[in-house]
Amino acid sequence: MATYDVSDRSAIVTGAGSGIGRAVATLLAANGAAVVVSDLDATAADAVTAEITAAGGRATALVGDVSDPEVVDRLVAAAEELAPLRIAVNNAGIGGPAVPVGDYPLDAWRRVIEVDLNAVFYALRAQVPAMAAHGGGAIVTMASVLGSVGIAHSSAYVTAKHALVGLTKTAALEYGAQGVRVTAVGPGFISTPLLEANLDAATQQALADKHATGRLGTSEEVAALVAFLVSDAATFVTGSYHLVDGGYAAQ
Ligand code: NAP
């Protein structure tokens, strides 16, 4: 398997205690990055940090809510202590309740938009200047295939993920000349704790059937795309939105 060397730099991975973020953090560390493992859950963040260290990599855990701009600033400072910050994967996200628009609770709507969209904006504001000061870097926003198509009963999530694609394109246009690349990744339905906690087995199977592959994806399959996008193999890739969706959006 190809590896994309990212040594001599640090990487922030949010939501790195579980699922896709965990797979991204461990792969970037294996590829040489010093990783800030960011999560709400201290036990999970510590476990991933220990896993990376045991494998010979460098990592530090930072616990906090990425919808708090001060936490985002602390993530940048923690990364800079390890090595120049040149990678960020803004991955933390939540699903929200499964209800139609007319029944969607206002507090739940606000929370999903805050975590899935506003937190990524706060992150970009903090990360871009630090990367520009080092001559550049690469930022991935974790959108979803639901950044390009809708799905019933998930309006806040779909809205946030569509908006992330626009935010990604705009930031890429603004900072490309300073060497900062910004791309969005759109996973199909991936077997992770987020998915398993929200959907019963029958619903998961029905979703699997909607992918050309006939199955759900794995976190490692998403991490492989991210590892390419943040590496120096992708220096002409920016402002773009990359599906890793098993063919979900092909029909
Ligand atoms: P996951 O297994 O639930 O992992 C997400 C991690 O983010 C959890 O450890 C969670 O901590 C953490 N987190 C949540 N809110 C946070 C906050 N405000 N601040 C810091 N950390 C926070 O989810 P996943 O399936 O890997 O999803 C990761 C990303 O991929 C999300 O943005 C999701 O929308 C996106 N995605 C997932 C799928 C899929 O099918 N799984 C498909 C497309 C896109 P707690 O566990 O403590 O809440």
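Both ligands and their constituent atoms are indexed starting at 1 by order of listing.
When side chains are defined from C-beta on, D232 does not count as touching D5, because their heavy atoms never get closer than 4.5 Å.
In the hydrophobic clustering of ILVMFWY residues, with side-chain heavy atoms under 4.5 Å counting as a link, I12 and V115 come out together.
Comment: D65 engages R111 in a salt bridge, judged by a side-chain N to carboxylate O separation of less than 4.0 angstrom.
Counting only residues at least two apart or on different chains, no ring pair (Phe, Tyr, Trp, His ring centres under 6.0 Å) pair has a member in residues 57-103.
Applying the ring pair (Phe, Tyr, Trp, His ring centres under 6.0 Å) test to H211 and every residue at least two apart in sequence or in another chain returns F189, Y248.
The protein residues lying under 4.0 angstrom from ligand 1, judged by non-hydrogen atoms, are G15, S18, G19, I20, D39, L40, D41, G64, D65, V66, N91, A92, G93, I94, R111, V115, M142, A143, S144, Y157, K161, P187, G188, F189, I190, T192, P193, L194, L195.
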Donor-acceptor list for residues 201-208 side chains, cut-off 3.5 Å, not counting sequence neighbours:
residue	atom	partner	partner atom	Å
T203	OG1	D200	OD1	2.6
Q204	NE2	L199	O	3.0
Q205	NE2	D209	OD1	3.0

